[in-house]
Student: 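There's a structure below that I have some questions on.
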Amino acid sequence: MNLIKIKEMKDHVGEEVTINGWLYNKRSSGKIKFLIIRDGSGFVQGIVVKNEVDENVFELCDKLTQESSISVSGIVRKDERSPFGFELTIKNVDLIQMAFNDYPISLKEHGIDFLLDNRHLWIRTPRQQAILSVRHEVIKAIQEFLNNNDFVRIDSPIITPSTCEGTSDLFQIDYFGENAYLSQTGQLYQEAAAMAFGKVYSFGPTFRAEKSKTRRHLNEFWMVEPEMAFVDHYGNMEVQEKLVEYIVQSALENCSRELKELGRDLSKLEKIKTPFPRLTYDEAIKLLNKNGYEIQWGNDLGSPDETFLSNQFDKPVFITEYPAECKAFYMQPKEDRPEVVLCADLLAPEGYGEIIGGSQRIHDYDLLVKRLKEENLPIDMYNWYLDLRKYGTVPHSGFGLGIERTVAWITNTEHVRECIPFPRTLSRIRP
RNA sequence: UCCUCAGUAGCUCAAUGGUGGAGCAACCGGCUGUUAACCGGUAGGUUGUAGGUUCGAGCCCUACCUGAGGAGCCA
């Protein structure tokens, strides 16, 4: 028995092979049957002809229900009539389990509510497999890039004693009688790690209890957070654009089958090369005002504003130097203009919005204390964070890249909830 | 939290205030190249919930529930 994966069939033309998988769909024309089989590596059509197989094999194929698990043996043939390029002329089918005959997901259209209720089965379909495979590639590329550039992975804790940035709503948990929270960012811990290892990153889930209801929001999402000692705002942006370029090029190189399945316009991704355009907040406001957006200096950019700005470019664009008042307390003020901070948001093209938020961090002890007081944050909660400024402080920078938004952009997916295996949203905690 | 929209068969959707239907899925039968196969047949319903208007409500009104899209917040 020559057990292979469907994606390896091209190397076994003319050979008899065995494939372990599931019945995705079945068509029949009397004495000939077509079984669409999937095995996780791909999809292929198997042909069963009545006079060429045992009577009980043909009978079994007649009864097979959608998603039944089977072990199929047959001859690999190249065939242009097949949309997969190859076919399997089936000799034998061993049944592992006859699936119940009420499999809920048909090949016809379904509404999003139904599909999300059946997410555990929905991920078996070609489109969802393509998206989640690209997600895997994105994660792999991020780690490759960072590992190859001397970053050390130092994960941040998920259970934290207080809000890190003092802004978003957090999920509260009981920690042996003490209130604790699920982390909304590991950044502060990454700063500590950067002072130990130089260049570090964390990669993991992050939690926001905000009641967001848009295609760009999840209440649990994954983020990679690099942090670098001795790197300023400008060096920070260079790392970000190189990372994003690497991610996109890796997806193009290793996920062509998936991107094709998704109908992605590859020419748009091929343009994602450094350097990326940069726009200061001041310039962004002017551009927005000139085009009829009524935003005033000092307000954070709204979602429609970001969409407009990103649509002006065919590459991701950095929006830099926001007013300090609309950003977090730890961001380094610009030397000659303390009302703005050395930060940058990276907006993905095609209306996908912010995929990175980053900044240079305040490294001066007195300035950081002053900023904490201005924001009315409890200073004793930040004692350990202030220690980093007391003992060998250096300029440093970092950023957070959202995995699902990045995957949504690369795969041209409408909603981030399809870019994570089991999305957690305002209205959904199951399955 | 606010704004908009929707809820009818397992799924996707029809039904002027007047006997709730179709396609797919399931089940039975037919077909030797199907591509969401096709053809014939069978079965499948407390129209989200509660109240109201009416001779009569899936349809109109009120409240609530659930979901979706968007805003704010953010990655």
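Just so you know, these numbers use all the heavy atoms, side chains as well, and skip hydrogens, waters and symmetry mates. So that the names make sense, note that chain A is the first sequence line, chain B the second, and so on, each numbered from 1.
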Student: Determine the interplanar angle of the A:Phe276 and A:Phe318 rings, folded into 0 to 90°, and report it as parallel if under 30°, tilted if 30 to 60°, perpendicular if over 60°.
Tutor: tilted
Student: Spell out yes or no: do the side chain of A:Glu87 and the base of B:rG33 have one donor N/O and one acceptor N/O closer than 3.5 Å?
Tutor: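 Flag set: donor-acceptor pair detected.
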Student: Ring-plane angle category for A:Phe43 and A:Tyr24, please: parallel below 30°, perpendicular beyond 60°, tilted otherwise.
Tutor: perpendicular
Student: Considering Watson-Crick and G-U wobble pairs with both distances under 3.5 Å, what does B:rA75 pair with?
Tutor: none
Student: Which part of the nucleic acid, if any, lies within contact of A:Glu354, taking any heavy atom under 4.0 Å across all strands shown: a base, the sugar-phosphate backbone alone, or nothing?
Tutor: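 Contact class for A:Glu354: sugar-phosphate only.
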Student: So does A:Asp117 pair up with A:Arg119, basic N to acidic O under 4.0 Å?
Tutor: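 Not counted as a salt bridge, because no side-chain N and carboxylate O are separated by less than 4.0 Å.
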Student: Name the closest nucleotide to the A:Phe34 side chain, picking from B:rC27, B:rG10, B:rU34.
Tutor: B:rU34
Student: With hydrogens left out and only the distance checked, is there a donor-acceptor pair under 3.5 Å joining A:Lys213's side chain and the base of B:rA68?
Tutor: yes
Student: Is there a Watson-Crick or G-U wobble partner for B:rG17 with both distances under 3.5 Å, and if so, which one is it?
Tutor: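 Across any shown strand, B:rG17 pairs with none.
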Student: Any strand counts, and the cut-off is 3.5 Å on both contacts for Watson-Crick or G-U wobble. Which nucleotide pairs with B:rC24?
Tutor: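 By the stated definition (distances under 3.5 Å), B:rG10 pairs with B:rC24.
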Student: Would you mind telling me which of B:rC73, B:rC24, B:rA36 lies closest to the side-chain atoms of A:Ser106?
Tutor: B:rC24
Student: Please report the distance separating the P of B:rA9 from the corresponding atom of B:rU46, rounded so that it comes out in whole Å.
Tutor: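 One P to the other, the span is 9 Å.
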Student: What's the closest nucleotide to the A:Arg428 side chain, out of B:rA36, B:rU32, B:rG67?
Tutor: B:rG67
Student: Has the side chain of A:Arg405 got a donor or acceptor that lies under 3.5 Å from a partner of the other kind on the base of B:rC74?
Tutor: yes
Student: By centroid distance (under 5.5 Å) and plane angle (under 30°), are A:Tyr103 and B:rA25 in a stacked arrangement?
Tutor: no
Student: Describe, in one word, how the ring planes of A:Phe308 and A:Tyr293 are oriented to each other, choosing from parallel (under 30°), tilted (30 to 60°) and perpendicular (over 60°).
Tutor: tilted
Student: Side-chain N or O of A:Lys108 less than 4.0 angstrom from OP1 or OP2 on B:rA36?
Tutor: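 The answer is no; no side-chain N or O of A:Lys108 sits under 4.0 Å from OP1 or OP2.
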Student: When we call it a touch if two heavy atoms are under 4.0 Å apart, what does A:Arg127 touch: a base, just sugar-phosphate, or nothing?
Tutor: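 Nothing, no nucleic acid heavy atom in range.
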Student: Parallel under 30°, tilted from 30 to 60°, perpendicular over 60°: which one fits the rings of A:Tyr281 and A:Trp297?
Tutor: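 Perpendicular.
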Student: Confirm from the modelled atom types if A:His217 and B:rC74 form a donor-acceptor pair under 3.5 Å, side chain to base only.
Tutor: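 Side chain to base: pair found, below 3.5 Å.
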Student: As a test of reading the structure: which of B:rU32, B:rA71, B:rA36 is closest to the side chain of A:Thr214, going by heavy atoms?
Tutor: B:rA71
Student: If you only use heavy atoms from C-beta on, which nucleotide in B:rC31, B:rC73, B:rG33 is closest to the side chain of A:Ser212?
Tutor: B:rC73
Student: Look at the side chain of A:Asp113 and decide which nucleotide, out of B:rC74, B:rG67, B:rC11, has an atom nearest to it.
Tutor: B:rG67
Student: How close or far is atom C1' of B:rC39 from atom CZ of A:Arg27, stated in whole angstroms?
Tutor: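 Taking atom C1' of B:rC39 as the reference, CZ of A:Arg27 is at 17 Å.
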